Amino acid sequence: MSNRYEENKLIVFNTLSRKKELFVPLNIPHIGMYVCGPTVYGDAHLGHARAAITFDLIFRYLQHLDYKVRYVRNITDVGHLENDADEGEDKIAQKARLEELEPMEVVQYYTVRYHRNMDQLNVLRPSIEPHASGHIIEQIEMIKKILTAGFAYEINGSVYFDVEKYNRSHHYGILSGRKIEDLISNTRELAGQSEKRNGYDFAIWKRADESHIMRWPSPWSDGFPGWHMECSAMGCKYLGDQFDIHGGGMDLLFPHHESEIAQSTVANGKAPVRYWLHNNMITLNGQKMGKSLGNAMSLDDIFSGNHPLLEKSYSPMTIRFFILQAQYRSTLDFSNEALQAAEKGMKKLFAANETLKQLRIDKNAPSIDVQNIEKACYEAMNDDFNSPMAIASLFEAVRVINSLKANEGSSISPDEFEMLQKLLHYFIFDILGLNSEEGTGDHGLVDGLMQTIIQLRQEARIRKDFTTSDLIRNKLGELHIELKDGKEGTNWQMK
RNA sequence: GGUUUCGUGGCCGAGUGGUUAGGCAGCGGUCUGCAAAACCGUGUACAGCGGUUCGAAUCCGCUCGAAACCUCCA
C-alpha cells in the first residue's frame with residue numbers, strides 16, 4: 001500500500017526564503033518538528049490557542065499523510081528577562097515573588113492549566129514536551145561549544161553571543177531580513193546591558209544577583225541561561241543538529257528565532273532548521289492581542305463568557321473552528337459577530353455529517369462527484385495548510401448532502417457514500433481536529449429518550465394538539481435541544 | 001527611523017492575470033399546523049491614482065491608511 005505523502009505534493013511557506021517551497025523531509029518518512037511553546041507564567045489566551053491549533057493542524061496533517069512525526073513543543077519556565085526589570089529578573093521568578101510561591105509551583109500551576117485548555121481545544125499533546133529548567137545541562141554544554149567556537153565572550157560571569165563576529169562569516173538577519181547596520185543604530189540602550197560589547201549582542205548565560213531565586217551553577221557563575229538557548233539546546237537534543245520544521249508565532253521571529261539560528265549554527269556547524277513556519281497574530285480591533293498589551297482574553301474567559309467584550313460564551317470547538325477558518329499566516333480579527341458566524345457554520349457542518357447517514361443508498365444513484373470535493377480538500381491542505389479553503393470544500397459537501405436529503409427520491413451510490421463518509425471523517429475529525437462536543441454522558445440513553453419524546457410530539461401533532469407539541473419543542477429549546485422537522489421525521493441537535 | 005506585512009461586498013475570510021471561494025447576516029421563493037432546520041434563487045467587493053497587458057482585485061510604481069517586529073510575547 002502506498003503512502004499518502006507520495007501522492008500529495010506538500011507546499012509550505014518558508015519564512016527563511018519568504019516563498020512557498022516544496023516540502024522535502026530530511027529522512028522520509030520521519031519528520032522532526034519543533035514549536036515554541038508557552039511561557040507558563042499566566043493563563044493561556046486566544047493567541048496561545050492560535051499557535052497551538054496551527055501546529056496541531058500541521059502535526060495532524062503530516063500524520064495523515066503517513067509521515068512519522070516527532071513533535072517537540074517546549075515549556076518555557078526559565079530565562080525570559082522581564083522588560084523593565086533592571087536586575088534581569090525573569091518572568092517566572094517575578095511572578096513567584098509576587099505570589100510568594102516557589103517558582104516551580106507557578107510553573108506547575110500554569111502548565112496544568114495550559115494542558116487543560118489545550119485538551120479542551122482538542123489539541124494533541126506533542127511527542128515530547130521538554131521544560132527549559134530540565135535542560136540546563138544541555139544548555140551549558142551548548143554555551144561551551146559556542147565559546148570554543150569563538151563566537152561568545154564572558155564578562156563578569158555572564159556570557160554573550162558575539163553578533164558582530166558571527167555576522168562576518170554568517171548572516172545575522174537571514175530569517176528576519178534585518179541588516180546588522182540597522183541593528184546598530186536601532187538597538188535601545190537598556191540599563192544593565194553596558195557590559196555587552198555591542199547593544200545587539202545577546203546573553204546566552206546570565207549571572208544571577210543575590211535576589212534572583214531561579215539559579216543554577218555553571219562554569220561562569222551561578223545564574224541562568226539566556227533567552228534563546230533553550231530552544232537551540234532542546235531542539236538539537238531531541239531532533240538532531242538539523243531538523244525539518246521549526247514553528248512559532250511571528251512575534252518570535254526576531255530576535256528569538258534569529259538568535260537561535262546563530263547559536264545552533266556555530267555550535268553544530270550547520271543551520272538547524274530547513275523550514276521555518278510562523279503563525280500570525282490574533283487581533284482585537286486591529287491590534288495584536290497580547291498579555292503585555294493588556295488586551296488578551298484568556299481561554300477560560302471565552303469558554304465561560306466572562307469578559308466585558310463577550311456577548312456570550314463560546315465553546316472550545318467554536319474557537320478552534322474560528323481559528324481554522326483563517327489561513328495561519330493571516331492576522332485574524334476577533335469579534336463577537338465573527339465568532340457567532342463560526343459557531344453556526346460549524347454546527348451546520350456537523351449536522352450534515354449526521355444527515356449523511358440518513359441518505360438513501362442506491363446502486364443506480366447519479367454521481368455527485370465526491371472525487372472533486374476530495375481533490376479540492378487535499379489540494380487546499382497541500383497548499384501551505386490552507387484550512388479555510390478545505391473548509392469551503394467541505395461546505396460544498398454539506399450542500400450536496402442537504403440537497404440530497406431535501407429532494408425526495410434522491411439517493412447516493414454506495415461507493416460515493418463510503419467515499420464521502422471517509423472524507424468527512426478524515427477532514428472534520430482527523431485533520432481539522434474538530435469534535436462535536438455532544439454526548440458527554442451516555443449518548444445511547446439520551447438518544448433513546450429523545451426518540452421517545454419526538455414520537456410523543458409527533459403523535460400530538462397528528463392529533464393537531466399543537467399546544468402539546470409546541471410545549472415539548474419549547475421545553476426542549478430551554479434545554480438547548482433543537483428539533484428539526486423534516487420530510488422523513490424529526491431530528492434533534494444540541495444548540 | 002529600519003525590517004516585514006496587509007488594505008476584498010454588512011461582518012469574518014479565501015483567491016488563480018480572463019471562469020461562483022466559503023461561512024454568517026440580508027432579501028425573494030419552496031417546504032411546514034406555525035416556527036426552526038433544510039433546499040432553490042439573489043449581492044455589479046476588491047483603499048486611491050497611474051502604468052504594463054487584448055484583459056488585473058491578482059504584476060509594477062506612487063499616494064493614503066493599518067499592523068507586527070526592532071524589549072518579554074503565540
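The structure presented is a predicted model; accordingly, all values stated were derived computationally and were not measured. Below, read A as the first sequence line, B as the second, and so on, with proteins coming before strands; counting in each chain starts at 1.
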**Message:** Can you tell me how the ring of A:Tyr166 sits relative to the ring of A:Tyr172, calling it parallel under 30°, perpendicular over 60° and tilted otherwise?
**Reply:** perpendicular

**Asked** Choosing from B:rA38, B:rC70, B:rC12, which nucleotide comes nearest the side chain of A:Ala406?
**Response** B:rA38

Distances for protein N or O near nucleotides 6-8 of chain B N or O, under 3.5 Å:
none

**Message:** Measuring only the P atom in each nucleotide, how far is B:rU4 from B:rG9? A whole number of Å is fine.
**Reply:** 28 Å

**Complete:** Once base and sugar-phosphate atoms are separated, protein heavy atoms under 4.0 Å mark nucleotides 21-30 of chain B, 5' to 3', with B, S and - as BSBSS-----

**Asked** Using 30° and 60° as the class limits, which term best fits the ring planes of A:Phe427 and A:Tyr378: parallel, tilted or perpendicular?
**Response** perpendicular

**Asked** When the ring planes of A:Phe161 and A:Phe202 are compared, do they come out parallel, tilted or perpendicular, using 30° and 60° as the limits?
**Response** parallel

**Item:** Residues A:Asn295 and A:Gln287: side-chain donor-acceptor under 3.5 angstrom
**Value:** no

**Request:** Determine the contact category for A:His278: base if any of its heavy atoms lies under 4.0 Å from a base atom, sugar-phosphate if only primed atoms, P, OP1 or OP2 are that close, otherwise nothing.
**Result:** nothing

**Asked** Just by distance, with hydrogens left out, do A:Tyr160 and A:Asn198 show a side-chain donor and acceptor under 3.5 Å apart?
**Response** no

**Prompt:** Do A:Asn14 and A:Ser17 meet the criterion of a side-chain donor-acceptor pair at a distance under 3.5 Å?
**Reply:** no

**Prompt:** Can you tell me how far P of B:rA74 sits from CG of A:Asn74, to the nearest Å?
**Reply:** 10 Å

**Fill in**
Among B:rU5, B:rC39, B:rC12, the one nearest any side-chain atom of A:Leu332 is B:rC12

**Request:** Determine the contact category for A:Glu343: base if any of its heavy atoms lies under 4.0 Å from a base atom, sugar-phosphate if only primed atoms, P, OP1 or OP2 are that close, otherwise nothing.
**Result:** nothing

**Message:** Below the 4.0 Å mark, does B:rA14 have OP1 or OP2 next to a side-chain nitrogen or oxygen of A:Ser330?
**Reply:** yes

**Prompt:** Between A:Lys312 and A:Glu343, does at least one N-O distance fall below 4.0 Å, as a salt bridge requires?
**Reply:** yes

**Nearest-nucleotide pick for A:Asp333, side chain only, options being B:rC12, B:rU5, B:rA74** = B:rC12

Which atoms of nucleotides 31-33 of chain B (N or O only) lie under 3.5 Å from a protein N or O atom, and what are those distances?
unit_1	atom_1	unit_2	atom_2	d
B:rG33	O6	A:Arg461	NE	3.4
B:rG33	O6	A:Ser469	OG	3.4
B:rG33	N1	A:Asp470	OD1	3.0
B:rG33	N2	A:Asp470	OD2	2.9

**Message:** Once you apply a heavy-atom cut-off of 4.0 Å, does A:Asn279 come out as touching a base, just sugar-phosphate, or nothing?
**Reply:** base

**Asked** Do the side-chain N or O atoms of A:Asn407 get closer than 4.0 angstrom to the phosphate oxygens (OP1, OP2) of B:rC39?
**Response** no

**Message:** Under 4.0 Å, heavy atoms only, any strand: does A:Gly486 hit a base, just the sugar-phosphate, or nothing?
**Reply:** nothing

**Prompt:** Does A:Lys20 or A:Ala51 map to a spot on RNA chain B nearer the 5' end, using the closest nucleotide for each?
**Reply:** A:Lys20

**Fill in**
Residues passing the side-chain contact (heavy atoms from CB on, under 4.5 Å) test with A:Ile368, sequence neighbours excluded, are A:Val370, A:Val400, A:Leu404, A:Ile412, A:Glu416, A:Leu420

**Item:** Protein-nucleotide distance (A:His256, atom NE2; B:rU4, atom P), rounded to Å
**Value:** 21 Å

**Prompt:** Using a cut-off of 4.0 Å on non-hydrogen atoms, how would the nucleic acid contact of A:Met250 be classed: base, sugar-phosphate, or nothing?
**Reply:** nothing

**Request:** Measure up the A:Phe243 and A:Tyr34 rings against each other and bin them: parallel (under 30°), tilted (30 to 60°), perpendicular (over 60°).
**Result:** tilted

**Message:** Without decimals, in angstroms, what is the distance between A:Leu432 CG and B:rA14 C1'?
**Reply:** 15 Å

**Rounded distance in Å - CG (A:Asn280) to P (B:rA74)** = 15 Å

**Asked** More than 12 foreign heavy atoms under 6.0 Å from CD of A:Gln371: is that the case here?
**Response** no

**Item:** 5′-ward residue of the pair A:Leu252/A:Lys484 relative to RNA chain B
**Value:** A:Lys484

**Fill in**
Checking B:rA36, B:rC69, B:rA74 against the side chain of A:Phe254 (C-beta onward), the nearest is B:rC69

**Request:** Would you check if A:Leu432 and A:Ser387 make a side-chain contact, meaning some heavy-atom pair closer than 4.5 Å?
**Result:** yes

**Message:** Just verifying a value: how many Å separate A:Leu424 CG and A:Ile401 CD1, rounded to the nearest 0.5 Å?
**Reply:** 5.0 Å

**Message:** Does B:rC70 have OP1 or OP2 under 4.0 Å away from a side-chain N or O of A:Ser176?
**Reply:** no

**Message:** In this structure, how many angstroms lie between the P atom of B:rC12 and the CZ atom of A:Arg50, rounded?
**Reply:** 14 Å

**Request:** Starting from C1' on B:rG15, measure out to CG on A:Asn382 and report it in whole angstrom.
**Result:** 17 Å

**Item:** Salt bridge A:Arg473-A:Asp470, side-chain N to carboxylate O under 4.0 Å
**Value:** yes

**Item:** Candidate nucleotides B:rA68, B:rG2, B:rC12, ranked by approach to the side chain of A:Phe322 - the nearest
**Value:** B:rC12

**Asked** By side-chain contact (heavy atoms from CB on, under 4.5 Å), which residues pair with A:Met281, not counting sequence neighbours?
**Response** A:Met250, A:Asp251, A:Lys288

**Prompt:** Got a sec: does the NZ of A:Lys484 have more than 12 other heavy atoms crowding it under 6.0 Å?
**Reply:** yes

**Prompt:** Using atom P of each nucleotide, how far apart are B:rG15 and B:rC59 to the nearest Å?
**Reply:** 12 Å

**Asked** So, A:Asp56 and A:Arg73, do they make that salt bridge, N to O below 4.0 Å?
**Response** no

**Item:** Base-paired stems that RNA chain B participates in, counting runs of 3 or more Watson-Crick or G-U pairs under 3.5 Å
**Value:** B:1-7 with B:64-70, B:10-12 with B:22-24, B:26-30 with B:38-42, B:47-51 with B:59-63

**Message:** Rounded to whole Å, please give me the gap between CZ in A:Phe334 and C1' in B:rC12.
**Reply:** 12 Å

**Distance in angstrom units between A:Lys288 NZ and B:rU71 C1', rounded** = 11 Å

**Request:** Look at A:Asn386 and B:rA14 and indicate whether a side-chain polar atom (N or O) is within less than 4.0 Å of OP1 or OP2.
**Result:** no

